[in-house]
Amino acid sequence: MSRLSFDFGYIIQTLPVLMVGLKMTVFISVLAILFSLLIGLSGAAARTLKVPVVSRIVAVYVDIIRNTPLLVHVFFVYFGLPIIGIKLDAVTVGIVTLSLWGGAFAVENFRGGTDAVSKSLIESGESLGLSRWQVVRHIIVPLGFRISFPAFSNTAVSVIKNSAYMTGIGVVELTFVAVDRMAYDFKTYEMLLAIAVIYLALIWGASYLFSRIERRLDFNKKTVKGGKGRGGFVEKLALSFRRGN
């Protein structure tokens, strides 16, 4: 009867190799989150302002990305685009596909936030003589961003976890390194436990960072002391509106 053995020493021995994969995971994830943020804000602005043509294009893009598997996007870009002469290296494909995936969800995150901005608050801004653009710039965008940031943080965390899909095209990220070591050393349980712990630490760290940002964005807990500029104006207006209700 065989006896299951677990080699903790092997995990420690392979940590330097796993750290190489972790660096690539972090590199791809950070860039993809930043690009997702830009895509999300731009797309949400286009849809909120109902920019002709662009708003419709964004809606189609969001529908396609959200209703098809991420792995299909990855394979389409990596294996499909070379047919028409567009060849990208695996890391670039990883960043592009994760950015497009996260961006599609971020568009809806931020659109939900801008839609949640109180109509009465917008009317209050207009009654103060603000133009449509000033209302968007000083009220809708900053308040919508704050409202939707928790939803975006969930999308960002999903981007980190989905970076493991890049194993399918040979990106040397964390999961790829672990699978490679499993195939080479047959230490399956050790590698699975090691990457599970590393992913947990990575996700917990990211979640903590996003929660800190959320707390800083939470104007409900701030005291308005004659704030100046865009933030002070928005906080004053929002608090005045809530007090009036």
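These figures come from a predicted structure and were not determined experimentally.
For the pair T92 (side chain) and L88 (backbone), a donor-acceptor distance under 3.5 Å is absent. Judged by distance alone, with hydrogens and angles left aside, the side-chain atoms of D185 form no donor-acceptor pair with the main-chain N or O of K187 at under 3.5 Å. In terms of modelled atom types and a separation under 3.5 Å, the side chain of E190 and the main chain of I11 share no donor-acceptor contact. A donor-acceptor contact shorter than 3.5 Å is absent between the side chain of D180 and the backbone of F176. Put simply, the side chain of S42 never gets that close to the backbone of I39: no donor and acceptor are under 3.5 Å apart. A donor-acceptor contact shorter than 3.5 Å is absent between the side chain of S29 and the backbone of V26.
The shortest side-chain heavy-atom distance between R47 and R56 does not fall under the 4.5 Å cut-off. The side-chain heavy atoms of M191 and I195, taken from C-beta on, include no pair separated by under 4.5 Å. The shortest side-chain heavy-atom distance between S36 and W101 does not fall under the 4.5 Å cut-off. Contact annotation: the side chain of L81 never approaches that of K87 to less than 4.5 Å [non-hydrogen atoms, C-beta and beyond]. Contact annotation: the side chain of L121 approaches that of I139 to within less than 4.5 Å [non-hydrogen atoms, C-beta and beyond]. With a 4.5 Å cut-off on side-chain heavy atoms, R66 and F105 count as touching. The side-chain heavy atoms of F210 and N154, taken from C-beta on, include no pair separated by under 4.5 Å. Side chains of S99 and L31 form no contact here, defined as non-hydrogen atoms less than 4.5 Å apart.
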Just do the side chain to side chain contact (heavy atoms under 4.5 Å, CB included) check on H73 and L100 with the steps written out, would you? CA-CA 9 Å; H73 311 156; L100 291 175; over 6 Å; no
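Side-chain contact check for T175 and Y199: at least one donor-acceptor pair (N or O, by modelled atom type) lies under 3.5 Å. Judged by distance alone, the side chains of N109 and T155 do bring a donor and an acceptor atom under 3.5 Å apart. Looking at T114 and T48, their side chains do bring a donor and an acceptor atom within 3.5 Å of each other.
Considering every non-hydrogen atom in both L70 and L98, the closest pair reads CD2-CD2, 4.0 Å. Closest approach of L174 to L18, counting heavy atoms only: CD1-O, 3.5 Å. Looking at every heavy atom in both residues, F152 comes nearest to I33 through CZ-O, 3.9 Å.
In summary, the aromatic rings of Y208 and W204 are positioned with their centroids too far apart to meet the 6.0 Å limit.
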